[in-house]
Amino acid sequence: MAEKQEDRKVTPRSEDFAGWYNDVVLRAELADYSPVRGCIVFRPDGFAIWEALRDELDRRIKATGARNAYFPLFIPQSFLAREAEHVAGFAPEVAVVTHGGGKELEEPLVVRPTSETIINHMFAQWIKSHRDLPLMVNQWCNVVRWEMRTRIFLRTAEFLWQEGHTAHSTRAEAQAETLRILELYRDFCEQFLALPLVTGRKSAAERFPGADETYTIESLMPDGRALQCGTSHFLGQNFARVFGIRFLDEQNQLQYPWQTSWGVSTRLLGAIIMTHGDDQGLRLPPTVAATQVVVVPIWRKAAEAEAVRAAARRAHDELRAAGIRVHLDERDGVTPGFKFNEWEMRGVPLRVEIGPRDVASGEAVLARRDLAGQAGKSKAALSALAEHVGRMLGEIQHGLYEQAAQAMRAAIHEFDDYGAFCQRLGGEGGGGMAYVYWCGDADCETKIREDTRATCRAIPLGQKTAPGKCIVCGRPAREQAYFATAY
RNA sequence: CGGGGCGUAGCGCAGCUUGGUAGCGCACACGCUUGGGGUGCGUGUGGUCGGCGGUUCAAAUCCGCCCGCCCCGACCA
């Protein structure tokens, strides 16, 4: 008996974080391994999260003026080679198609690892005048990067994402666009996905190949490792120059436009799972939960069943009419306790229990997924169920964010002693985030990496703190930066 | 590519030492039972034992070669 229940549980998160993560993903049926190494199958419950996330983000992106388009999966190999840093950055991980139609191709095609090159090739044909600018497109697609080690959602050979690409007539406008998207991502992750973040600039070593500046949103997972959740790049004129994108300005002068690109990927699913999940399984923010509320009817005797079923159906119908994504679990042959555990595993934010006692008193028992055990249980009058449930879903969304934000704050430490810094970050697994003064020198960054395996995750913008001393070399440092071991 | 581990039913494993033609738990199907935190019982379905070759009357088991997967390091949204 004890053995059997053990089989049903996931690996405790505190015992083995990576094992817990895999168990949750598989048991909650979000994804499955595929026959192709490094590629995964998004199962309906996992894809539903992506769809909810995508739909909301798509609305927000369109509100900036960007429009969706679609560019080809295949890119001539020579395109990738045009931008020196870009090719150096991506060459090791591109998949190359050498044959088609039974013949060897004249020029191999790479499967896009990102679409800067092919999109800019097209931009060069579309942009002639300052009146064509700004040009802002976004595409939702798959990309392929042949990674050496893969992990479900966090690093897969093929992943889904959105990539936005814009071209502007002035440097200032492109820089502003880069930061505007960074802010869009930040707000989206915090408000919609309930993911707490730090944001900032990337160090030169962590910059996107081909970008002048990369900005990032970073979160910290419960195992103390950082996860890059999205990036926004200021590309300067680098791609414009190599792809020959030029326009005539108001003075009839030929100019290169200034560009940006930015993206978030299905890695965000990994962030949601790791940030919110617990030993019972998944915990989904109501915004992305395919099922926000599950109604579980409970009865003992056949005589009670009809009244309970009827009340449960009424509750279900009322919630659905109120626009809530609700499921009525009428399965016979499995016990209520089994259903409780199963829906908790799947991360459903709120459970409504209706039994004979509730029918008699005109109430239902509500069980919040964000608060474990009795702490999450309360009663609500069936007569005002939808209103009550709607409000509670909002509280759950907020509750998940607050729990995560509190855990993240508690795992960020400031150091002025390099020894203490290394001791914290260099231990087994993740040591949380360190917020330290750094002079900006690449040698100091390398030393940190060699001593601790931690890397610079973000340098916050608009720092107002007084200058200090670099954590490594002790020389004057104008800024502080976040360091952590990263996924 | 270096270090470590593992391939037996969908999943987790036993059997291998000492060869005799495959078993357990979970899952799955059906029935009864149960039902406010993973109910119990019964009956069933399901396996080229990773692949190839060798030894042998006989190989999951012994020998050789190959393949694949997982974990840890060097690259990464």
Side-chain angles (χ1 to χ4, degrees), chain A residues 1-11 16 18-19 22-23 26-27 32-33 35-38 88-94 113-114 142-151 153-163 185 202 205-209 214 216-218 226-233 261-271 280-281 296-302 304-305 308 329 331-345 351-360 363-365 367 372-374 376-377 379 428-429 449-450 453 455 486-487:
Chain A
M1 181 69 186
E3 286 289 317
K4 260 189 266 179
Q5 292 199 8
E6 282 309 304
D7 287 348
R8 289 171 173 159
K9 285 197 160 69
V10 297
T11 305
D16 172 6
N22 279 330
D23 284 354
L26 297 174
R27 290 285 310 282
D32 209 344
Y33 294 106
V36 181
R37 195 189 97 84
F90 284 107
E93 57 189 50
V94 293
T114 181
N142 58 341
V143 291
V144 168
R145 299 181 188 178
W146 217 262
E147 302 289 351
M148 316 189 90
R149 278 184 64 198
T150 59
R151 297 194 59 187
F153 295 133
L154 301 173
R155 179 167 302 106
T156 47
E158 176 191 15
F159 57 94
L160 309 181
W161 77 345
Q162 84 28 239
E163 52 178 321
Y185 283 161
K202 281 290 190 192
E206 300 288 323
R207 203 175 280 157
F208 176 76
T214 289
T216 181
I217 53 172
E218 300 272 329
L227 184 72
Q228 180 172 306
C229 291
T231 46
S232 181
H233 313 293
S261 70
W262 25 274
V264 299
S265 73
T266 39
R267 169 179 273 188
L268 285 174
L269 300 194
Q280 288 298 313
V296 179
I298 300 159
W299 66 87
R300 282 179 197 282
K301 292 167 288 205
E304 300 167 336
V308 166
D329 187 353
R331 283 177 299 172
D332 206 352
V334 289
T335 62
F338 182 90
K339 293 177 181 177
F340 295 172
N341 283 280
E342 180 171 295
W343 291 111
E344 283 171 8
M345 175 62 65
R351 178 175 73 241
V352 175
E353 307 171 13
I354 299 179
R357 294 204 295 266
D358 305 305
V359 172
E363 292 178 315
V365 173
Q374 285 304 315
K377 291 204 178 182
K379 290 195 173 188
E428 275 298 302
R449 180 168 193 163
E450 285 170 353
R453 275 204 270 144
T455 51
Y487 269 93

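Below, chains carry the letters A, B, ... as their sequence lines are ordered, and counting in each starts from 1. Worth knowing before you read on, the calculation uses all heavy atoms, side chains too, and leaves out hydrogens, waters and symmetry mates.
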Flag yes if more than 12 heavy atoms outside A/R300 fall under 6.0 Å of its CZ atom; otherwise flag no.
->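 Open.
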Crowding at CZ, A/R449 (>12 non-hydrogen neighbours, <6.0 Å) |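 Incorrect, the count does not exceed 12.
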Can you tell me if [X] touches the phosphate of [N], counting only side-chain N or O atoms and a distance under 4.0 Å to OP1 or OP2?
X: A/T335; N: B/U34; value: no
X: A/R449; N: B/C75; value: yes
X: A/R331; N: B/G35; value: no

Kindly state whether the pair A/F159 / B/A77 counts as stacked, where counting means centroids closer than 5.5 Å and planes tilted less than 30° apart.
->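 So yes, this residue stacks on that base, both cut-offs being met.
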Return the nucleotide paired to B/U56: Watson-Crick means purine N1 to pyrimidine N3 with N6-O4 or O6-N4, wobble means G-U with N1-O2 and O6-N3, both under 3.5 Å.
->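 Check on B/U56: unpaired, no WC or wobble geometry under 3.5 Å.
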Any donor-acceptor pair under 3.5 Å joining the side chain of A/K377 to the base of B/G37?
->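 Donor-acceptor pair under 3.5 Å: yes.
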Per the atom types in the model, does the base of B/G37 pair as donor or acceptor with the side chain of A/E344 at under 3.5 Å?
->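 Yes, the side chain and the base share a sub-3.5 Å donor-acceptor pair.
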Spacing of the P atoms in B/C66 and B/G47 (rounded, Å) =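 Taking atom P in both B/G47 and B/C66, they lie 31 Å apart.
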Checking all strands, does A/G263 fall into the base, sugar-phosphate, or nothing category for heavy-atom contacts under 4.0 angstrom?
->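 Touches nothing.
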A/V143 near the nucleic acid: base, sugar-phosphate alone, or nothing, with a heavy-atom cut-off under 4.0 Å?
->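 A/V143: no heavy atom of the nucleic acid under 4.0 Å.
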